[in-house]
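These notes are about the structure you will find just below.
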Number of protein chains: 2
Amino acid sequence: MDSSTPLIYIVEPYGGSIRRHNAALPHIYWDDAAVTRGDGVFETLLIRDGHPANLQRHLDRFQSSARLMELPEPNVADWIDATRQAVEEWSQRTDADAKCVWTYTRGRESTGHPSAWLTITPLGETVLKQRKKGVKVMTSPRGFTIDTSLPGVEEATEGGTPEPAPWLTVGAKTLNYAANMAALRYACSQGLDDVIYVDPATGRVLEGATSTVIVARPGRKLRTPTPGGDILPGTTQAALFEYAEEQGWRCKEKDMTVESLLDAESVWLVSSVRVAVRVTELDGRVLPAPANEDEVRELINAALGAE
Amino acid sequence: MDSSTPLIYIVEPYGGSIRRHNAALPHIYWDDAAVTRGDGVFETLLIRDGHPANLQRHLDRFQSSARLMELPEPNVADWIDATRQAVEEWSQRTDADAKCVWTYTRGRESTGHPSAWLTITPLGETVLKQRKKGVKVMTSPRGFTIDTSLPGVEEATEGGTPEPAPWLTVGAKTLNYAANMAALRYACSQGLDDVIYVDPATGRVLEGATSTVIVARPGRKLRTPTPGGDILPGTTQAALFEYAEEQGWRCKEKDMTVESLLDAESVWLVSSVRVAVRVTELDGRVLPAPANEDEVRELINAALGAE
């Protein structure tokens with residue numbers, strides 16, 4: 001078998017079987033809500049040294065996403081079991097880093113049962129290159145503003161205290177990534193690698209298209225834009241901050257502007273599979289490598305292995 | 001064969017074959033962008049009396065959505081051909097109204113070719129009931145505000161005139177409907193049938209979760225919120241306005257408030273398959289049937305048959 005052939009494991013809902021699926025065959029039906037409405041949630045995990053990295057945080061966010069989307073509670077034991085089985089099989093092929101994606105959808109309209117599966121694939125060339133060379137980034141508005149404090153139904157109909165719209169999928173990692181993908185294509189067409197979203201009204205830095213923004217400042221300080229609301233809490237950022245604090249770094253969640261990125265010691269995009277890529281250019285301004293570049297990179301890598 | 005079994009026709013890209021697919025088998029692969037990112041566009045058409053209704057407007061919007069998403073230009077002749085073949089087969093079973101969905105995705109990551117197919121299915125009981133009985137609706141904020149005029153990259157980096165973010169998918173009918181589905185589930189949990197989005201900042205009525213808002217006013221007047229920007233242009237609304245003008249109605253696109261819905265002669269949600277459902281209750285206020293209810297309904301139905 002080609003070593004790049006993906007592994008697929010189907011995770012049946014409600015404690016059903018976990019079974020291997022042949023990746024050469026389709027397994028998703030025409031009426032699956034993932035296909036018709038992007039109605040599902042996912043997590044992407046790094047497989048390193050024969051283990052899923054940062055597993056508990058991914059499980060927590062996966063459950064939280066499912067809850068926010070009113071999907072049936074995923075059976076955590078099944079997901080752990082399926083991941084372990086798949087990783088074990090994968091590890092017989094290679095010990096290189098790999099990517100594991102969990103997908104959990106509202107399922108087929110005709111059955112009403114959720115669909116769930118995981119895949120393991122090798123890392124792409126781009127990821128490996130960006131880890132080494134860093135990324136050139138443009139800042140940009142997201143294109144829409146998420147209303148984190150809204151008059152809810154009560155207010156709209158009969159007065160009451162403002163509250164977020166109760167069906168808001170903010171905070172859930174849903175399959176609705178079309179706009180993020182479009183932003184990345186645009187950056188690519190400009191000879192760039194990635195996008196950092198900025199709120200045009202306030203100048204507040206939000207997040208990367210598929211990553212969390214981290215800033216290193218002199219004196220072993222790390223900063224990240226306060227997660228929650230319109231910023232998806234990052235599992236890698238959380239692991240990093242916990243570990244870095246233990247190593248004597250001072251870590252803080254704090255709103256920041258583009259200016260504070262430009263005058264930082266270094267700026268990083270962190271995410272599960274790319275792990276940490278340094279921003280080498282921001283809006284055309286070169287961000288020179290800091291003296292501690294390798295130290296920061298090692299810190300982030302170590303944080304993922306720390307559990 | 002069960003008369004409710006869906007028909008599926010696969011439309012190969014680049015002028016390939018059009019072929020029937022057995023609906024009992026899956027046909028979508030694990031790495032299709034529709035599944036992994038909700039990255040694709042769709043159209044939903046009414047099949048009535050052996051014909052796809054309002055075909056040209058659906059084709060136009062389908063092409064426009066694909067262009068906005070930077071998908072390869074769909075081959076219109078193939079889509080017409082596939083639709084005709086499928087409708088012909090379907091019509092041998094039944095002459096009742098049916099629903100046809102075109103789906104066009106960025107395709108498999110491993111091949112880079114778009115995926116395309118259409119389905120025909122019978123109408124659900126809910127649609128038939130709502131057509132007769134109307135719908136109870138709540139107004140609500142959408143949960144996010146689409147920035148229709150944004151500082152673009154030029155402005156963010158070196159100054160310039162404000163322009164929309166170039167990767168914005170506003171105006172494309174993408175598969176990213178998870179939030180709309182969540183809003184409908186919420187409405188349903190409150191004993192209601194549908195949602196009309198209202199901009200909380202301005203009080204401006206936007207659209208239904210899957211439909212366009214139409215208001216009838218005394219003196220044979222029809223109004224709809226000005227489409228474009230954060231309101232998807234509706235194919236049914238466009239057909240209605242063109243036909244109604246010919247029949248002596250005065251039709252206007254015009255911003256409106258919830259108050260102007262409450263004091264209208266009648267309020268309708270129009271869309272391809274439900275066609276026209278009257279709003280019988282809005283935020284708990286009963287909207288009584290107007291004397292011309294049947295006339296308006298017939299007008300909308302006739303508009304769809306007028307091409």
Side-chain angles (χ1 to χ4, degrees), chain A residues 6 8 21 23 25-40 42 69-70 101 103 105-106 117 119 138-147 150-153 156-158 164-170 174-183 185-186 190 198 200 283-284, chain B residues 6 8 21 23 25-40 42 69-70 101 103 105-106 117 119 138-147 150-153 156-158 164-170 174-183 185-186 190 198 200 283-284:
Chain A
I8 302 180
H21 176 81
L25 298 174
H27 76 276
I28 302 152
Y29 287 82
W30 66 281
D31 62 344
D32 196 294
V35 177
T36 56
R37 302 293 190 186
D39 197 354
F42 74 107
M69 297 290 287
E70 297 178 285
V101 178
T103 306
T105 90
R106 201 169 305 279
W117 68 91
T119 61
M138 56 182 258
T139 61
S140 78
R142 197 198 286 270
F144 56 89
T145 307
I146 298 168
D147 306 328
L150 282 173
V153 185
T157 55
E158 50 193 75
W167 57 88
L168 211 55
T169 57
V170 173
T174 75
L175 297 169
N176 288 222
Y177 264 64
N180 297 34
M181 293 299 108
R185 280 196 305 280
Y186 181 82
Q190 305 295 305
V198 176
D283 291 340
Chain B
I8 302 181
H21 176 81
L25 297 175
H27 76 277
I28 302 152
Y29 287 83
W30 65 281
D31 62 343
D32 197 293
V35 177
T36 56
R37 303 294 190 186
D39 197 354
F42 73 106
M69 297 290 287
E70 299 178 286
V101 178
T103 305
T105 90
R106 201 171 305 280
W117 69 90
T119 60
M138 56 182 257
T139 61
S140 77
R142 196 198 286 270
F144 55 89
T145 306
I146 297 169
D147 307 327
L150 281 174
V153 186
T157 56
E158 49 193 73
W167 57 87
L168 211 55
T169 57
V170 173
T174 76
L175 297 169
N176 287 221
Y177 264 64
N180 298 32
M181 293 300 108
R185 281 197 303 280
Y186 181 82
Q190 305 295 305
V198 176
D283 290 341

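In what follows, chains are A, B, ... by sequence order, proteins preceding strands, each numbered from 1.
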> For the atom pair CD1 (I28(A)) and CD1 (I28(B)), what is the distance rounded to the nearest 0.5 Å?
Replying inline: 6.5 Å

>> Among N180(A), D39(A), L175(A), which residue has the highest count of heavy-atom pairs closer than 4.5 Å to chain B?
In response: L175(A)

> Quick one: does H27(A)'s side chain get under 4.5 Å of H27(B)'s, heavy atoms only?
Replying inline: no

> How far apart are the closest heavy atoms of G38(A) and A178(B), and which atoms are they?
Replying inline: O-CB, 3.8 Å

> Going by heavy atoms in the side chains, are M181(B) and M69(A) under 4.5 Å from each other?
Replying inline: no

> With a 4.5 angstrom heavy-atom cut-off, which part of T105(B) approaches chain A: side chain, backbone, both or neither?
Replying inline: neither

> Rounded to the nearest 0.5 Å, what separation is found between the OG1 atom of T103(B) and the CH2 atom of W30(A)?
Replying inline: 10.0 Å

>> With rounding to the nearest 0.5 angstrom, report the CZ to OG1 distance, F42(A) to T36(B).
In response: 8.0 Å

> Between W117(A) and V35(B), does a side chain to side chain contact (heavy atoms under 4.5 Å, CB included) hold up when you go through it step by step?
Replying inline: CA-CA 12 Å; W117(A) 68 91; V35(B) 177; 3.4 Å; yes

